[in-house]
Amino acid sequence: LIYDAQRAAREGERMAESEARELAAKVGGGAALDKALGEIALQDFTTAARKQQTNFDAAWAALTDPPVLDMALVKSLGDLQAREKAARRLVKAGQDLQEFTENMTAIYRRELGKHKLSAEAREAGLREFEGAMANVHPTLSAWRRMEVRKAEALLRVVTLLDNTWGQWEYRPATRDLWFKDAKQADVYNLAYQEFNDLSDEARRMQEQLKTRNP
């Protein structure tokens, strides 16, 4: 493992030097080279951030057609378990996105470190990034955590339905569920309400971000 890490570090250094030489031939050295390398680092960071967001959005989309909590098309336990697996994927994607968001500064620092910027340019780029994120990062992180809580609440609802399979039925006329056991109905209703409450809170946080994002 130590050998592999050293080899990867040497390869990264070689690639960074090669990149710097190629760019220097185009833009020159000094500040111009630092600017070009900084732009590449920012692009790489943005690409990584978009990948996390895309994974999360795709996980949500998989639960919307059909809607995950609409039991009209659930005809077997297998149908329900497939939805449970999809909900678990959503939780995982949300956790990954949350971790990325909460560690953005460290991740951006790592991206800058992959390129042959001067120490001064690297620190200046990091300060600029931190300044740009200062106004939105706390709310953005809180929103990501709320999205994870919402996904976990959704998973609890689906898991509850899975665990009580055969003890409830979907009523097409009213488009709701009827439980044989009133206590189970109460547990389901509370879990469903928790999901709705967290969804509302997540939407409020998203609106806050829209007003704070420059």
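Between the side chain of R83 and the backbone N or O of P67 there is at least one donor-acceptor pair closer than 3.5 Å. Panel note: side chain H137, backbone T101; a donor-acceptor pair is recorded below 3.5 Å. Remark: the backbone N or O of P138 is not paired with any side-chain donor or acceptor of S141 at under 3.5 angstrom. One N or O on the side chain of K180 and one on the backbone of G166 form a donor-acceptor pair closer than 3.5 Å. The closest donor-acceptor contact from the side chain of D34 to the backbone of S118 lies under 3.5 Å. Panel note: side chain S18, backbone R14; no donor-acceptor pair is recorded below 3.5 Å.
In this view, R171 and D176 satisfy the side-chain hydrogen bond (donor to acceptor under 3.5 Å, both in side chains) rule, not counting sequence neighbours. In this structure, R122 has no salt bridge (charged side-chain N to carboxylate O under 4.0 Å, His left out) partners at least two apart in sequence or on a different chain.
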Inset, instruction - Please lay out, stage by stage, how Q184 and W168 fare under the test side-chain contact (heavy atoms from CB on, under 4.5 Å). - result: CA-CA 9 Å; Q184 289 181 346; W168 55 267; over 6 Å; no
Inset, instruction - Could you walk me through whether E22 and K26 pass salt bridge (charged side-chain N to carboxylate O under 4.0 Å, His left out), step by step? - result: CA-CA 7 Å; E22 292 178 5; K26 297 177 182 179; 5.8 Å; no
Inset, instruction - Take R156 and E194, measure what salt bridge (charged side-chain N to carboxylate O under 4.0 Å, His left out) needs, and give me the verdict at the end. - result: CA-CA 10 Å; R156 282 193 292 274; E194 180 188 21; 3.0 Å; yes
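Scanning both residues, E111 and D44, for their nearest heavy atoms gives OE1-CB, 3.4 Å.
The other residues sharing a hydrophobic cluster with V91 are L155, where clustering joins ILVMFWY side chains under 4.5 Å apart.
In this structure, F56 has its ring center no closer than 6.0 Å to that of F100.
Enclosure of atom CD in E130 by more than 12 non-hydrogen atoms of other residues, nucleotides or ligands within 6.0 angstrom is indicated.
Each of M205 and V148 belongs to its own hydrophobic cluster when Ile, Leu, Val, Met, Phe, Trp and Tyr are linked at side-chain heavy-atom distances under 4.5 angstrom. Taking hydrophobic clusters as Ile, Leu, Val, Met, Phe, Trp and Tyr residues chained together by side-chain heavy-atom distances below 4.5 Å, L190 does not share a cluster with M71.
Counting heavy atoms from C-beta on, the side chains of T46 and R50 come closer than 4.5 Å. For the pair E147 and L198, the minimum side-chain heavy-atom distance is 4.5 Å or more.
A salt bridge links E13 with K116: the distance from a Lys NZ or Arg NE/NH1/NH2 to an Asp or Glu carboxylate oxygen falls below 4.0 Å. Contact check on R204 versus E207 returns no salt bridge, with no Lys/Arg side-chain nitrogen under 4.0 Å from an Asp/Glu carboxylate oxygen.
Between S76 and the options D79, L80, V74, a side chain to side chain contact (heavy atoms under 4.5 Å, CB included) holds for only D79.
Relative orientation of the F129 and F45 rings is perpendicular, given thresholds of 30° and 60° on the angle between their planes.
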